[in-house]
**Student:** 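Below is the structure I would like to discuss, written out as structure tokens.
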Amino acid sequence: MAKHGEEAHEPTASELEVGDGPKGWAAGIPGVTHSMGPALAQMGPARTAKTVMKLNQKDGFDCPSCAWPDPHHRKTFEFCENGAKAVTWEATPLVIDSAFWAEHSVTELRGRTEYWLGQQGRLTEPVYKPAGEDHYRPIPWSEAINVLATELNSLESPDEAVFYTSGRTSNEAAFAYQLFARGFGTNNLPDCSNMCHESSGWAMGESIGVGKATVAFEDFERADLIIIMGQNPGTNHPRMLTELENCKLNGGHIVAINPLPEAGLRRYKNPQKVRGIIGRGTDIADQFLQIRLSGDMALMQAVSKRVLDAEAANPRTVLDHDFLDHHCQGLDKLREHLSHLDEATVLEATGLESSEIDELANRYMAAERVIITWAMGITQQKKGVDTIKEIMNLLLLRGNIGKPGAGASPIRGHSNVQGDRTMGIWEQMPESFMDAVGREFSFDPPRHHGFDSVQTFEAMQQGKVKVFVALGGNLVSAVSDTGVAEAGMAGTDLTVQISTKLNRSHTVTGAAALILPTMGRTEIDIQESGEQFVSVEDTVCAVHPSWGNVEPVSHHLLSETAIVSRIAHAVLGEKIDADWIGFEKNYDLIREHIARVIPGCENYNQRIRREGGFILAHGPRDTRTFPTPTGKAMLTVNELEYLQRPAGTLILQTLRSHDQFNTTIYSNNDRYRGVHKGRQVVFVNAADLAQLGLKDGDYADVHGVHDDGVSRVMRRCRLIEYPTTPGCVAAYYPEANVLVPLSLVAEASNTPVSKAVLVRLEKVAAPAPANA
Ligand SMILES: Nc1nc2c(c(=O)[nH]1)N[C@H]1C(S)=C(S)[C@@H](COP(=O)(O)OP(=O)(O)OC[C@H]3O[C@@H](n4cnc5c(=O)[nH]c(N)nc54)[C@H](O)[C@@H]3O)O[C@H]1N2
Ligand SMILES: Nc1nc2c(c(=O)[nH]1)N[C@H]1C(S)=C(S)[C@@H](COP(=O)(O)OP(=O)(O)OC[C@H]3O[C@@H](n4cnc5c(=O)[nH]c(N)nc54)[C@H](O)[C@@H]3O)O[C@H]1N2
Ligand SMILES: [Mo]
């Protein structure tokens, strides 16, 4: 078995290379060859074939990358370049051996980049860093679990513990984990969704009563118009491009709304088709609106206003009156409110021309079936919730909810983030859920809400968190305000990370720290009752099984479900009526409880075994029934707001490169944006560079401009002239999290505002050449 890759090359700042700007096309054969190269090098052909051929197949495992759904008829290669990277990153036979921990102190590891940490290979044995020491050391599983149980059971209040979840966790592990936290006595169950699609859940809940997409997989190719807002599918949901192409081949149109001309929104070469391999590919976007950061709320209001004005000019020809009369409330108030919308304000907020908005409105009114999709460009905004409510208003006006080829489609990020929520991973689950869990397991779950991700760090600042447990993820790196986050984590007594691979959260620890290594989704999971599968839910509510199919990299590894069950058993004993030992032996036992507790999951064990799994019921999508307090879909009135830009400042968004999965950095390149061997960069419009007396290739410190007396700086970034909207700049996440204040959050959803942060640039000297 291979040893850890000590020599992962880390480029120095002076090695950074920049090509000629954004790529016009995405995927195609370069995508597939790029994805296979590293796999073949590390895994060898047999393990590569085993993993990649089973990716997203009905008898295989669910791709651990994004939450894009699977078609009914699967292709032999039902994966994309970035899915293949995610799989090979996990299934690599490279492992961290016992000697590693003596060789590297925690302090030293803290000085390493995420890229280097991820390159060291898979974690294979539990390790413990006692308080006062600077090294982890291997310990047996029983001892590790004992350390955690002792600490938890000595807390003054269960609310001094926080149980975080990242979105790769299976439904079975998630259900057991939330049950454990609630059995222990707390709702402190923050998750990555707090930083991701929380705004979608809030807004859609208010508008239509359900916080999940109202579309099915087949709807994409049936749509007349798909509007893609604040999303970069070419990198983050590449298999979506195939459906966009199908939509176009069926005569549909596509509009992209984005400050950046992202690869894939422009042209797409489908690697599954001959045309894509040799041809120029399909032009994806028929219209591209290069919006100003945070301008989408104004844009949606302006389009709705045009729709209402057109109806006023030609009564009963534009709105879907039948739908509005039977299913909606609030039309008059919305019409009244939008009648005061000021076009000059809209143009300032959006940075667009009136004619561009007219064209979008005309496209919208000409289409019978419209889907609007969105992701982080919309949710991670101060007005993210209200912006999504405006998206819903626009869709409702023409009955684009609950009919084929139409709907609202937040495209979820992590592959099972939606399923984890369905299973009860949320700090504020409703009373009906608490009642059902309490009944099923004969206990009284805590009713007061717990901390979300941002509140966790606010509580840490006040010394209220003593134990932090993470089921996956890399919260210290993923959350905003890196300085505050790290200080908070360091102030706890014990941090515990259940992980597949090393990341920064293992190096910024409480006084004591544990790492519990776990099996990934690619690996065969054998328990006492035989081989196990887990289940997941994708972004269109399709629930299906996932079977691992390669040998685990080490036989010391436990599955997530086993780890959670053992912890729960050690901490709770017989406190609640749950057969923790049985859960580990046979995941069917967990699924029996899921069937009784989670609405829509009745007969879970039977239905999950049907070919392809099953689709969760969804009132608005299936029958146009809306579980809001009024029983109607709500057209809502929202006060327009957008981020103003004081002189000398720029608006920064933080985003993903083509070679990363959230905080996991696969390489230091971003092929689609022409950047190689470096990530400390800022993309700036030519006009802004000129106005600031700067040029491409200069270096600058990026300073946060936030009125709280705290200095936030990202040092020595290479400036790249790039066709982003004037006044708007971009830098990579997670590095740029140092610039996002913890208090800068979306209204209602409390999601960090990672896409609209005021900054200023201060020129500094270029780095010295590497060999100087
Ligand atoms: N390969 C890969 N796949 C992934 C991930 C990954 O890191 N790598 N992450 C997964 C996760 S957890 C998630 S949540 C998704 C994220 O998927 P995305 O949301 O596509 O991810 P980001 O890189 O944050 O891109 C945000 C996009 O919104 C645009 N944008 C920013 N601000 C605005 C705005 O104000 N208005 C508009 N209209 N657009 C704006 C940006 O230019 C960019 O194109 O992807 C998932 N899939
Ligand atoms: N500035 C800024 N910040 C952001 C964002 C942004 O756009 N800008 N995006 C936000 C979003 S959308 C999200 S979703 C969050 C992501 O936040 P997280 O979900 O916390 O972060 P990830 O980077 O996805 O977590 C990666 C780690 O998970 C572990 N892991 C991987 N697979 C498994 C597994 O199968 N089981 C277990 N137990 N562990 C596993 C590995 O150790 C890996 O290092 O970040 C948010 N933060
Ligand atoms: Mo996400």
Side-chain angles (χ1 to χ4, degrees), residues 64-68 80-83 85-86 89-90 114 117-118 123 164-170 173 191-197 228-238 256-260 262 265 289 291-296 299 374-381 387 411-415 417 453 470-480 497-506 516-522 560 563 642-643 651 653-664 666 724-725 728 730-737 739-740 751-757:
S65 197
C66 74
W68 183 252
C80 68
E81 172 190 356
N82 277 339
K85 283 182 208 158
W89 184 82
E90 171 180 307
E114 291 283 6
L117 293 169
L123 296 156
Y164 175 73
T165 312
S166 169
R168 268 190 199 173
T169 293
S170 67
D191 68 347
C192 65
S193 197
N194 296 142
M195 301 173 281
C196 185
H197 267 292
I228 305 169
M229 301 181 68
Q231 190 199 349
N232 178 18
T235 285
N236 297 316
H237 306 92
I257 301 170
N258 201 304
L260 299 177
E262 303 280 36
L265 292 176
L289 291 115
I291 198 162
R292 187 178 172 280
L293 287 167
S294 88
D296 303 81
L299 178 63
W374 68 89
M376 297 305 101
I378 303 299
T379 63
Q380 296 174 337
Q381 296 284 352
T387 303
I411 308 279
R412 246 84 200 189
H414 260 298
S415 55
V417 62
S453 292
L471 185 54
N474 182 5
L475 184 57
V476 147
S477 203
V479 81
S480 44
Q497 301 283 338
I498 302 168
S499 319
T500 51
K501 280 189 141 183
L502 210 52
N503 64 46
R504 186 152 180 90
S505 291
H506 303 109
L516 306 179
T518 187
M519 274 162 39
R521 210 179 275 171
T522 52
E560 290 186 334
I563 295 171
Y642 62 96
L643 184 60
I651 308 177
Q653 65 152 319
T654 63
L655 43 51
R656 292 153 173 79
S657 80
H658 189 63
D659 267 4
Q660 73 182 81
F661 187 91
N662 297 341
T663 68
T664 296
Y666 301 130
T724 167
T725 308
C728 300
Y732 295 128
Y733 139 71
E735 290 84 347
N737 259 332
L739 295 168
V740 188
T751 295
V753 177
S754 307
K755 296 292 191 273
V757 186

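Both counts, for ligands and for their atoms, begin at 1 and track the order of listing.
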**Student:** Can a donor-acceptor pair be found, under 3.5 Å and without considering hydrogens, that links the side chain of Asn737 to the backbone of Ser477?
**Tutor:**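 Confirmed, Asn737 side chain pairs with Ser477 backbone.
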
**Student:** Under 3.5 Å, N or O to N or O, is Ile498 touching ligand 2 that way?
**Tutor:**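 Looking only at distances, the answer is yes, because the N/O contact criterion of under 3.5 Å is met.
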
**Student:** Using a 4.0 Å cutoff against the non-hydrogen atoms of Ser499, which atoms of ligand 2 qualify?
**Tutor:**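 Per the distance check, 39 (N), 42 (O).
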
**Student:** So Arg656 and Asn236, side chain to side chain contact (heavy atoms under 4.5 Å, CB included) or not? Walk me through it.
**Tutor:** CA-CA 8 Å; Arg656 292 153 173 79; Asn236 297 316; 3.5 Å; yes

**Student:** Please indicate whether any nitrogen or oxygen in Gly473 is less than 3.5 Å from any nitrogen or oxygen in ligand 2.
**Tutor:**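 Yes - when backbone and side-chain N and O of Gly473 are compared with those of ligand 2, one distance drops under 3.5 Å.
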
**Student:** Indicate yes or no: does an N/O atom of Glu90 lie under 3.5 Å from an N/O atom of ligand 2?
**Tutor:**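 No.
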
**Student:** Using a threshold of 4.0 angstrom between heavy atoms of the protein and any atom of ligand 1, which residues qualify?
**Tutor:**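 Cys66, Asn82, Cys196, Gly230, Gln231, Asn232, Thr235, Asn236, His237, Ile257, Asn258, Pro259, Leu260, Glu262, Ile291, Leu293, Ser294, Asp296, Ala375, Met376, Gly377, Gln381, Gly413, His414, Gln653, Leu655, Arg656, Gln660, Phe661, Asn662, Lys755.
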
**Student:** Within this structure, what is the CG-CG distance for the pair Leu289 and Leu299, rounded to the nearest 0.5 Å?
**Tutor:**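 Going from CG on Leu289 over to CG on Leu299, the span is 6.5 Å.
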
**Student:** Working to the nearest 0.5 angstrom, can you tell me the gap between Cys66 SG and His414 NE2?
**Tutor:**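 Rounded to the nearest 0.5 Å, the SG-NE2 separation comes out at 11.5 Å.
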
**Student:** Less than 3.5 Å apart, any donor N or O on the side chain of His197 or Thr379 sitting next to an acceptor on the other?
**Tutor:**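 On atom types as modelled, these side chains do not qualify, holding no pair under 3.5 Å.
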
**Student:** Looking only at the side chains, is there a donor atom on one of Thr522 and Glu90 sitting less than 3.5 Å from an acceptor on the other?
**Tutor:**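 Glu90 and Thr522 do have a side-chain donor-acceptor pair below 3.5 Å.
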
**Student:** Give the numbers and elements of all ligand 2 atoms closer than 4.0 Å to a heavy atom of Tyr164.
**Tutor:**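 Those qualifying, in numeric order: 17 (O), 18 (P), 19 (O), 20 (O).
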
**Student:** Need the ligand 2 atom indices (1-based, order shown) with element for anything under 4.0 Å from a heavy-atom of Glu560.
**Tutor:**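 Counting atoms of ligand 2 from 1, those under 4.0 Å from Glu560 are 34 (C), 36 (N), 37 (C), 38 (N).
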
**Student:** Would you mind listing which atoms of ligand 2 come within a distance below 4.0 Å of any non-hydrogen atom of Thr518?
**Tutor:**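 Close to Thr518: 36 (N), 37 (C), 38 (N).
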
**Student:** Can you check whether Gly118's main-chain N or O pairs, donor with acceptor, with Lys501's side chain at less than 3.5 Å?
**Tutor:**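 Yes; at least one donor-acceptor contact below 3.5 Å.
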
**Student:** State the atoms of ligand 2, each with its element, that fall below the 4.0 Å cut-off from a heavy-atom position in Gly472.
**Tutor:**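 Those qualifying, in numeric order: 37 (C), 38 (N), 39 (N).
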
**Student:** Do ligand 2 and Asn503 have nitrogen or oxygen atoms that lie under 3.5 Å from each other?
**Tutor:**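 By distance alone, the answer is yes.
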
**Student:** Do side-chain atoms of Arg412 reach the backbone of Ser193 as a donor and acceptor pair under 3.5 angstrom?
**Tutor:**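 Side chain of Arg412 to backbone of Ser193: no pair is present.
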
**Student:** For Arg521, is there any backbone N or O sitting under 3.5 Å from a side-chain donor or acceptor partner on Arg168?
**Tutor:**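 No.
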
**Student:** When you measure from the side chain of Thr518 to the backbone of Glu560, do you find a donor-acceptor pair of N or O atoms at a distance under 3.5 Å?
**Tutor:**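 Side chain of Thr518 to backbone of Glu560: a pair is present.
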
